[in-house]
Amino acid sequence: MNIHYVWPAVKLIVESAFNPQAAGGGFVGTTVMMAARYGIARGLFSNESGLGSAPIVAAAAQTRNPVRQALVSSSGTFWDTVVICALTGLVIVSSIIAYPEIGFDNGATLTKAAFAKIPVVGSPLLTFGLFTFAFSTILGWCYYGEKAVEYLKGKRWVIVYRVIYIAAVFIGSVMNLSIVWNLADCMNALMAIPNLLSLLFLSGIIVHETRKYLWRNRLDAVDNT
């Protein structure tokens, strides 16, 4: 709907990022810290890079060798961050340019106002999208947790985990949104830090497997181990 505002949106994004005023202001006060804090936090929500959660799903895939699956999994980061986030940014900025009255409020309010500009189907489409994304996310993270509990405590503890998980979903849905975001950011950090350390310790194995399958053009080879 905002096709005529896409190019102005691209220009605005680039100019805002690289003009001297923005560059100068970026090094004053806490601007850089806040940009890094929210950039990293929301980036983790976007693609889960470094959290160690996506490999739980990758490990369940039927594949010929681990490097082949690793390449498939790594492509998700590109599509999630580079493509989807770029499209999201263009939608938001073009909507603001096309309808200045929707303002620069928080993400939820801005999204609701932008979709409301789509006649008839806008609000129902947003509701449907939120429902399907939220439901699939709840199921996905439940699976992640189940596999972790199963590894640490065995299958008999999975039922206990599910009860706690359902209770946490309910509590999170009625809590203050800022508290939920801050709590989620803290939990992500507690996952990312040990996982990144593990990656450093396992870097030798990663190099060995990459040489074995990728550098020697053996991506179709079957790993029988």
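Because only heavy atoms are used, hydrogens play no part in the values below, and waters and symmetry mates are left out as well, while side chains stay in.
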Linked, directly or transitively: Val158 and Tyr151 (ILVMFWY side chains, under 4.5 Å): no
Please report the interatomic distance CD1(Ile193) to CE(Met191), rounded to the nearest 0.5 Å. 11.0 Å
ILVMFWY cluster, Val72 and Ile206 together (side-chain gap under 4.5 Å): no
Decide yes or no for Phe115 and Ser95: does some side-chain heavy atom of the first lie under 4.5 Å from some side-chain heavy atom of the second? no
Note, Tyr144 side chain near Val57 side chain (heavy atom, < 4.5 Å): yes
When you compare the side chain of Asn195 with that of Leu51, does any pair of heavy atoms fall below 4.5 Å? no
Interatomic distance, Ile171 atom CD1 to Ile179 atom CD1 [nearest 0.5 angstrom]: 12.5 Å
Side chains of Thr77 and Asp80, heavy atoms from C-beta outward: is any pair under 4.5 Å? no
Minimum heavy-atom separation for Val180 and Gly172, please, with both atom names. CG2-O, 3.5 Å
Between Leu110 and Leu130, is there a shared hydrophobic cluster once you connect ILVMFWY residues whose side-chain heavy atoms come closer than 4.5 Å? yes
Non-hydrogen side-chain atoms of Val160 and Val149 separated by less than 4.5 Å: no
When you compare the side chain of Asn2 with that of Val91, does any pair of heavy atoms fall below 4.5 Å? no
With a cut-off of 6.0 Å (strictly less than), are more than 12 heavy atoms of other residues, nucleotides or ligands near CH2 of Trp141? yes
Between Asp223 and Arg68, does any side-chain N to carboxylate O distance fall below 4.0 Å? no
Do Lys117 and Glu101 meet the salt-bridge criterion of a basic N to acidic O distance under 4.0 Å? yes
Using atom types as modelled and distance alone, determine if a side-chain donor or acceptor of Ser74 lies under 3.5 Å from a backbone N or O of Leu71. yes
Is there a side-chain contact between Val93 and Val10 (heavy atoms, below 4.5 Å)? no
Measure across Ala58 and Ser73 and return the closest heavy-atom pair with its distance rounded to 0.1 Å. CB-OG, 3.6 Å
Could you tell me whether the side chain of Arg64 and the main chain of Ala221 form a donor-acceptor pair under 3.5 Å? no
Specify the closest pair of heavy atoms between Pro66 and Glu209, including all atoms of both residues, with the distance to one decimal. CG-OE1, 3.7 Å
Nearest-0.5 Å distance, CD1 of residue Ile97 to NE2 of residue His4: 13.5 Å
List the atom of Val120, the atom of Pro124, and the distance in Å for their closest heavy-atom pair. O-CD, 3.4 Å
Does Ile159 share a hydrophobic cluster with Ile164, counting links as ILVMFWY side-chain heavy atoms below 4.5 Å and allowing steps through other members? no
Running the 4.5 Å side-chain criterion over Ile, Leu, Val, Met, Phe, Trp and Tyr, what cluster does Met187 land in, apart from itself? Leu183, Leu190
Is it true that, when you exclude Phe78 itself, more than 12 heavy atoms of the residues, nucleotides or ligands shown sit nearer than 6.0 Å to its CZ? yes
Value for OH (Tyr165) from CD1 (Ile138), rounded to nearest 0.5 Å, stands at 6.0 Å
Tell me whether Val121 is reachable from Met1 by hopping between hydrophobic residues (I, L, V, M, F, W, Y) whose side-chain heavy atoms are closer than 4.5 Å. yes
Is the shortest side-chain heavy-atom distance between Tyr5 and Ile96 below 4.5 Å? no
Could you state the interatomic distance from OG (Ser136) to CZ (Phe131), rounded to the nearest 0.5 Å? 10.0 Å
Is the count of non-hydrogen atoms from other residues, nucleotides or ligands lying under 6.0 Å from Ile3 atom CD1 greater than 12? no
Look up atom CG in Leu12 and atom CH2 in Trp7, then write down how far apart they are to the nearest 0.5 Å. 12.0 Å
